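Below you'll find the structure, written out as structure tokens, and then a few comments.
Keep in mind it's a predicted model, so treat the numbers as computed, not measured.
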Amino acid sequence: MYGSLQGRYREHIMAHHLSEQLLLKTLLPKDISQSKGGWAKRDGAKPRTSSSKYYTTPDILPVPKRAKLTLNTGEDIQSSTDVENSSNPTSKGSKPATEVDALWTCKPTEVVVAVVRHAEEKHNFTLRHREFQSLRPDELIIGEVMECYIRGILNLKDNAGRLYLLDHYTMGVILHGTREQIARQELKKVTFDLYDGAIGFVNIRNVHWKFVYLHALSNHIYVVDPLQGSNEVEDSRKAAYKFGEYFKMRRNRLGKEDWVSIKWQPGKITHTFQKDATSCGAFVMQMAKMTVKEFPKIPKTFHIKSSQHLRRDMAEEILRGSVSKDDFCSFCGIEDLPTTAVDAVWIQCETCGRWFHTQCLGMPAARIPKKNTPWYCVLCILTN
Ligand SMILES: [Zn+2]
Ligand SMILES: [Zn+2]
């Protein structure tokens with residue numbers, strides 16, 4: 001049987017012959033913070049293996065094209081005319097100029113638009129179209145997008161292996177959870193002594209993000225609030241206490257001594273402030289980027305200028321940091337055929353070149369398009 005929600009979800013799709021229209025339905029909670037269930041699902045993704053993704057396929061299947069295709073940005077693509085968000089970067093009726101524009105102006109789907117590798121962990125980060133759209137101007141950026149971005153930044157930096165990226169769910173529990181909740185976030189497999197620091201961010205009442213930096217080399221903890229007016233030294237002092245207790249809990253429960261002897265001190269990094277209600281996520285992403293860049297030094301100040309281009313630039317960075325879309329299923333984000341169905345095959349969208357497991361789309365063999373019959377994914381159907 002399946003050991004993950006992802007597997008069970010796929011099984012459900014197959015059992016009921018559900019169509020690829022499922023990609024239009026919301027799989028994830030709407031709040032910007034991630035639920036525990038979401039993490040369980042994410043954990044279900046498999047790491048890349050050396051085995052081939054192709055099985056022997058029936059004759060009727062289209063021949064897979066391995067050439068990298070990019071989203072067609074030519075004259076034939078119209079931006080969606082029924083997008084309600086007035087803050088969309090492209091005005092109604094104009095043509096999307098880039099892949100980011102195309103993804104931002106299209107109706108939200110559950111298509112996986114980026115897969116960012118994680119060298120040390122068993123799973124990659126997968127980012128869905130709906131999540132990616134939270135990067136649009138004036139929207140609250142959801143935690144997955146921020147984590148995906150920071151992981152991509154860490155992947156580019158040589159010594160970033162010495163910085164641990166603490167997920168925002170665990171960060172929230174450590175800083176604001178009850179003893180019982182904290183005890184369930186042991187991070188059993190992590191040995192913090194292998195790291196010189198940890199970065200992450202924490203959600204405040206589901207409407208705000210603060211950046212958190214543990215600099216183990218100097219015993220300092222920084223809680224940085226993009227919004228003006230909070231007492232950051234006091235926040236950092238509380239965090240220092242909470243993390244001290246957290247590492248003691250791990251010693252008591254797991255016998256792990258890592259980082260338990262550190263006497264955490266509150267620290268302060270000066271910074272510019274967000275000028276609107278929604279830029280906290282973008283600020284935190286920039287703070288993380290600057291921290292990674294300076295690491296192992298501590299940044300003296302975070303000088304962040306919120307501009308129209310900032311979110312777009314970061315959206316492009318996420319897409320650039322992703323595994324090529326030739327290499328993963330755009331439904332489940334997995335890079336190999338699921339091992340549970342021997343008749344599973346891949347199908348490629350004629351327009352954007354994204355690949356899907358027919359199994360993930362709930363597409364029975366009889367409905368798989370015949371050879372030379374083009375097939376279009378839901379994203380391209382909505383974009384055109
Ligand atoms: Zn799949
Ligand atoms: Zn497509």
Which pair of heavy atoms, one from [X] and one from [Y], lies closest together, and at what distance?
X	Y	result
Asp167	Glu147	CA-OE2, 3.3 Å
Trp104	Pro137	CZ3-CD, 4.0 Å
Gln133	Leu103	NE2-O, 2.8 Å
Ala239	Val223	CB-CG2, 3.6 Å
Gly321	Val116	O-CG2, 4.1 Å
Gly200	Met171	CA-CE, 3.7 Å

Mark yes or no for whether [X], through its side chain, and [Y], through its backbone, hold a donor-acceptor pair below 3.5 Å.
X	Y	result
Arg117	Asn124	no
Arg311	Arg136	yes
Thr351	Cys380	no
Lys263	Gly244	no
Glu186	Arg253	no
Ser330	Arg354	no
Arg128	Val113	no
Gln274	Asp276	yes

Report yes if the side chains of [X] and [Y] come closer than 4.5 Å at any heavy-atom pair, otherwise no.
X	Y	answer
Phe201	Val212	no
Thr126	Phe328	no
Leu166	Ile174	yes
Phe211	Ile199	yes
Phe243	Ile221	yes
Lys325	Glu99	yes
Lys256	Arg251	no
Tyr213	Pro299	yes

Hey, are [Y] and [X] close enough side-chain-wise for a donor-acceptor pair under 3.5 Å?
X	Y	value
Thr301	His303	no
Asp101	Thr98	yes
Ser236	Lys268	no
Thr109	His129	yes

- request: For the pair Trp355 and Phe331, evaluate ring pair (Phe, Tyr, Trp, His ring centres under 6.0 Å) and give the outcome as yes or no after the intermediate values.
  value: CA-CA 9 Å; Trp355 290 91; Phe331 186 98; over 10 Å; no
query: His220 vs Tyr222 aromatic rings, parallel, tilted or perpendicular, using cut-offs 30° and 60°?
result: parallel
task: Walk me through it: do Leu379 and Cys106 pass the test side chain to side chain contact (heavy atoms under 4.5 Å, CB included)?
output: CA-CA 7 Å; Leu379 209 51; Cys106 175; 3.9 Å; yes
- request: Evaluate salt bridge (Lys or Arg N to Asp or Glu O under 4.0 Å) for Asp258 paired with Arg250, printing each intermediate quantity in order.
  value: CA-CA 9 Å; Asp258 47 338; Arg250 290 178 87 242; 3.0 Å; yes
Supply the atom-to-atom distance [X] [atom1] to [Y] [atom2], rounded to the nearest 0.5 angstrom.
X	Y	atom1	atom2	result
Ile182	Thr170	CD1	OG1	11.0 Å
Leu165	Met146	CG	CE	10.5 Å
Arg205	His176	CZ	NE2	9.0 Å
Thr272	Ile304	OG1	CD1	5.0 Å
Ile381	Trp375	CD1	CH2	7.5 Å
Ser322	Asn155	OG	CG	11.0 Å

task: Let me know which of Glu110, Glu139, Glu144 forms a salt bridge (charged side-chain N to carboxylate O under 4.0 Å, His left out) with Arg130.
output: Glu110
- prompt: Is there a chain of hydrophobic side chains (I, L, V, M, F, W, Y, each step under 4.5 Å between heavy atoms) that links Leu214 to Leu194?
  reply: yes
task: Begin with the C-alpha distance, continue with both residues' side-chain angles, and end with the deciding distance and a verdict on side chain to side chain contact (heavy atoms under 4.5 Å, CB included) for Trp209 and Asn203.
output: CA-CA 5 Å; Trp209 294 112; Asn203 186 258; 3.3 Å; yes
Sequence neighbours excluded and cut-off under 3.5 Å, please list the side-chain donor-acceptor pairs for residues 280-297, or say none.
residue	atom	partner	partner atom	Å
Lys289	NZ	Glu317	OE1	3.3
Thr291	OG1	Met287	O	2.7

message: Checking ring pair (Phe, Tyr, Trp, His ring centres under 6.0 Å) between Trp259 and each of Tyr246, Trp264, Tyr195, Tyr164, which is the one that passes?
response: Trp264
query: Is the number of heavy atoms from other residues, nucleotides or ligands within 6.0 Å of CZ (Phe273) greater than 12?
result: yes
message: Between Glu245 and Lys242, does the salt bridge (Lys or Arg N to Asp or Glu O under 4.0 Å) criterion hold? Intermediate values first, please.
response: CA-CA 5 Å; Glu245 293 296 299; Lys242 287 283 190 177; over 6 Å; no
message: Tell me every residue that passes side chain to side chain contact (heavy atoms under 4.5 Å, CB included) with Asp225, counting only those two or more places apart in sequence or in another chain.
response: His208, Lys210, Leu227, Ser230, Glu232
